[in-house]
Amino acid sequence: MRPNSLHAADIAHFVHQQTDLADHGEHGAILMARGEGVRVWDTEGREYIEAMAGLWCASLGFSEKRLADAAYKQLLSLPYYHTFFQKGHEPAVRLAEKLAELAPNGLAHVMFQCSGSEANDAAIKVIWYYNNQLGRPAKKKLIGRIRGYHGNTIATASLSGQPHMQADFDLPYGDRFLHVSNPNYYRFAEDGETEEQFSARMAAELEALIEKEGADTIAAFFAEPVQGGGGAITPPRGYFEAIQAVLKKHDILMVADEVICGFGRTGNMWGCETYGIRPDILTCAKQLTAAYQPLSATLISGPIQAALVAGSKKHGSFGHGFTYGGHPVACAVGLETLAIYAERDMLGHVRSVSPVFLAGLEAFRDHPLVGDVRGVGLIAGVELMADKASRTPFPPSLKVGVLVQERCREAGLVVRAIGDRIAFTPPLIITEAEIAEMCRRFGEGLDAAWAEMGAEAAAAA
Ligand SMILES: *Cc1c(COP(=O)(O)O)cnc(C)c1O
């Protein structure tokens, strides 16, 4: 690495996120320089198909000029205004109106923030506030799921079920965060258990936890329709139906974290539609602006909105808000993004290419490294397995997932290893030809990893 180079400056000064900082200090980072469609190029000129859409977000790819124009136009007219003290601006109002029109279950009131974490953090604050207005000060605990992901603020990292994001951060914080099992049917089903039976077992576990803690202490259940950061895990048949019956019985709010699934990822506008979820609160971000601007939204029900109004009568105002919440440039880009989705029939496109995407990955089931392939719309997880028949995973110390991820990268494909699950969430605009090329590169990466493991095993024997 040349001294004074970009890569040297990166090591010297830039603290990367969710990164092995020890390895980064030794090997440096891959720095991206430009993008076009579903492809990106790094500073060394290497080209990649971005099969993660960045972080499950760049739905319109990396060169949508209309979004750049929408941002520029807004920057010239009103580059900033806030939404405190009864102030506001047209882009925030129009986007809130649009989201209310699209929302499931009649959620008609919209709060804006800058990130998915803040959307969920705001949901948590609102839930606590709501139960205080209803005179239920003890009903405050929140239930998340193991491997669930809801963000990285103190509260949302506590709610997430990602132990490596809690270790040494003194999280989960306090005693309000509980977790139930990860509904990864392929990994955790008992022998002979059907998906429906597995779902019933998950619901029974939830109910047992609620009864142990006391329903009057439990405020809400948070779930992603498809677990993203947990490994692109689709729910087993009957899961949300069984879970929601338990929540309803015990008067517990359902929060749908649509930060990944929202805006077409599962082939419908919302994961809630794909899986029959009727949320009291919905959070979304990522594809809301196709990731061209940081923006998130928290959609709340009429009764929750009424509690916020009641609280204002008591305290003089709704004491919550962020300087950049509902930033006009981000909202203008969000409006343009939603207009593009509608004009180009993005849902229709996802539905038409999804079978090609899923079949392309399904074909790797026969690969010696692959145990399971599961997905919906344009999101899928490929689970690597040491022994397929007994569903025995590789020892984590082997880091097989990372090996596959790195060999894929060398083959010109960005995928993400989550443990030994390889996640795929390409930009929604991906074409059939690009899917074919994505699968070809994935095969090349898998084969290279497999050959390397075979060579190592032979050397060890
Ligand atoms: C990415 C993500 C978040 C957090 O969003 P940030 O914008 O990174 O704060 C929350 N929930 C889910 C499901 C996510 O995938």
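Remember, it's 1-based here, ligands and their atoms both numbered in the order they're listed.
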| task | Quick one: sort the Tyr80 and His327 rings into parallel, tilted or perpendicular, breaks at 30° and 60°. | result |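 Geometry flag for His327 against Tyr80: tilted rings.
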| said: Tell me if a side-chain donor or acceptor on Gln405 pairs with a main-chain N or O of Ala417 at a distance below 3.5 Å. | reply: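 Looks like yes, one N/O pair under 3.5 Å.
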| When you measure from the side chain of Arg145 to the backbone N and O of His179, does any donor-acceptor pair fall under 3.5 Å? |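 No.
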| task | Could you point out which residue of Asp251, Leu209, Leu142, Leu178 forms a side chain to side chain contact (heavy atoms under 4.5 Å, CB included) with Ile218? | result |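 Testing each of Asp251, Leu209, Leu142, Leu178 against Ile218, the sole residue satisfying side chain to side chain contact (heavy atoms under 4.5 Å, CB included) is Leu178.
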| said: Using every non-hydrogen atom in the two residues, find where Ile379 and Ala232 come nearest and quote the distance to one decimal. | reply: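 Answer, listing the atom of Ile379 first, then Ala232: CG1-CB, 3.9 Å.
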| query | Phe318 and ring-ring contact (aromatic ring centres under 6.0 Å, His included): which partner among Tyr130, Phe85, Tyr129? | reply |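 Checked Tyr130, Phe85, Tyr129 against Phe318; only one passes ring-ring contact (aromatic ring centres under 6.0 Å, His included): Tyr129.
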| query | Under a 4.0 Å heavy-atom cut-off, what residues line ligand 1? | reply |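 For ligand 1, the contacting residues are Ser115, Gly116, Ser117, Asn120, Tyr149, His150, Gly151, Glu224, Asp257, Val259, Ile260, Lys286.
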